[in-house]
Amino acid sequence: MTIRVLLADDQALLRSAFRVLVDSEPDMEVVGEASDGAEAFRLAREQAPDVVLMDIRMPGTDGLAATRLISADPALAQVRVVILTTFEVDDYVVRSLRAGASGFLGKGSEPEELLSAIRIAAGGEALLSPAATKGLIARFLAQGDGDDDRDPARAERLAALTGREREVLVQVAGGHSNDEIAGRLAVSPLTVKTHVNRAMAKLGARDRAQLVVIAYESGLVRPRTD
């Protein structure tokens, strides 16, 4: 299966470089290029990409607004947004995760990292390293700013989870893979995957990145202070 990729960046040179890289892979193809968020949303509806590589700072409709639009559109439920940013520790990045992005990647990443990120996102996994999860996500999501994108109902929805599903959610929020969680809870990776999928369905999460967001915003997981 070929992974369909949409590029959204206001710098034509970067888009061209990304296109050459992506099109060089036998399992990927670029299906469109956008220079701003509005165009990215329009092309996402027209081309139905699997993954959108989204620059966060663009003129007009920026990457954050475009991510919101894509995530809120039921017709684009299978589209995964990967935020491309110069600064990996950035409040805009966190707001993008809240808005529905599947993760983020620094523009200074190696080509192999970018290609791997596309495949990971297309597979429904979260592009959040343990360091990013425990550091950036914990610090920003848990602090609150009074007027943000939090959904108070998420804490109430946790009541629908079984005890084991809550345990698995805590582990996911810690940045652990299914295999790692299986080892920690003494169950099979398949069982972990089943719990993750059920938790996603019950909480209305698009992917694992959103489970991390929900775990912190609901208060199930508290940030570390060290």
Side-chain angles (χ1 to χ4, degrees), residues 1-88 90 92-129 132-133 177 200 205-213:
M1 181 180 295
T2 300
I3 301 173
R4 297 166 58 82
V5 181
L6 173 62
L7 307 175
D9 195 300
D10 62 329
Q11 298 184 48
L13 186 59
L14 278 178
R15 292 200 311 273
S16 296
F18 288 145
R19 174 181 279 277
V20 170
L21 179 64
V22 172
D23 282 342
S24 70
E25 295 298 296
D27 60 337
M28 300 180 190
E29 66 172 337
V30 173
V31 296
E33 294 184 27
S35 58
D36 60 45
E39 187 177 15
F41 177 58
R42 177 179 63 79
L43 288 175
R45 290 185 60 86
E46 292 178 1
Q47 301 296 330
D50 298 302
V51 177
V52 179
L53 293 181
M54 183 84 73
D55 182 20
I56 202 164
R57 293 182 177 85
M58 294 184 287
T61 303
D62 63 13
L64 175 59
T67 298
R68 290 181 191 279
L69 290 171
I70 291 173
S71 300
D73 192 329
L76 302 177
Q78 300 305 311
V79 177
R80 299 290 178 256
V81 177
V82 175
I83 296 297
L84 295 172
T85 177
T86 304
F87 305 100
E88 294 191 19
D90 188 305
Y92 280 101
V93 172
V94 180
R95 289 179 178 274
S96 297
L97 292 173
R98 286 178 180 166
S102 294
F104 63 92
L105 194 69
K107 286 186 176 180
S109 300
E110 294 295 324
E112 294 77 12
E113 292 179 293
L114 177 64
L115 296 172
S116 176
I118 293 172
R119 294 186 177 98
I120 290 172
E125 294 293 313
L127 276 172
L128 299 172
S129 67
T133 300
S177 67
M200 286 172 56
R206 289 166 59 91
D207 53 28
R208 291 173 77 99
Q210 294 308 294
L211 284 181
V212 173
V213 172

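We're numbering straight along the sequence, starting at 1.
You'll find the side chain of Asp27 stays beyond 4.5 Å of the side chain of Thr2, heavy atoms only. For the pair Val52 and Val79, the minimum side-chain heavy-atom distance is below 4.5 Å. Within the 4.5 Å cutoff, no side-chain heavy atoms of Arg4 are placed close to those of Val51. No side-chain heavy atom of Thr61 sits under 4.5 Å from any side-chain heavy atom of Phe41. Side-chain contact between Arg19 and Leu7: present, with at least one pair of heavy atoms (C-beta onward) separated by less than 4.5 Å. Side-chain atoms of Val82 and Met54, non-hydrogen and from C-beta on, never get closer than 4.5 Å to each other. Between Ile3 and Glu29 there is no side-chain heavy-atom pair separated by less than 4.5 Å. Within the 4.5 Å cutoff, the side chain of Val31 has heavy atoms near those of the Pro49 side chain.
Side-chain polar atoms of Ser116 and Glu112 form no donor-acceptor pair below 3.5 angstrom.
Using a 4.0 Å cut-off between charged side-chain N and carboxylate O, Arg119 and Glu25 make a salt bridge. Between Asp10 and Arg15, none of the side-chain N atoms (NZ, or NE/NH1/NH2) sits under 4.0 Å from a carboxylate O, so this pair counts as no salt bridge.
Here the rule is side chain to side chain contact (heavy atoms under 4.5 Å, CB included) with Leu105, and of Ile83, Leu84, Ile120, Leu53 only Leu84 fits it.
The number of heavy atoms from other shown groups lying within 6.0 Å of CZ (Arg45) does not exceed 12.
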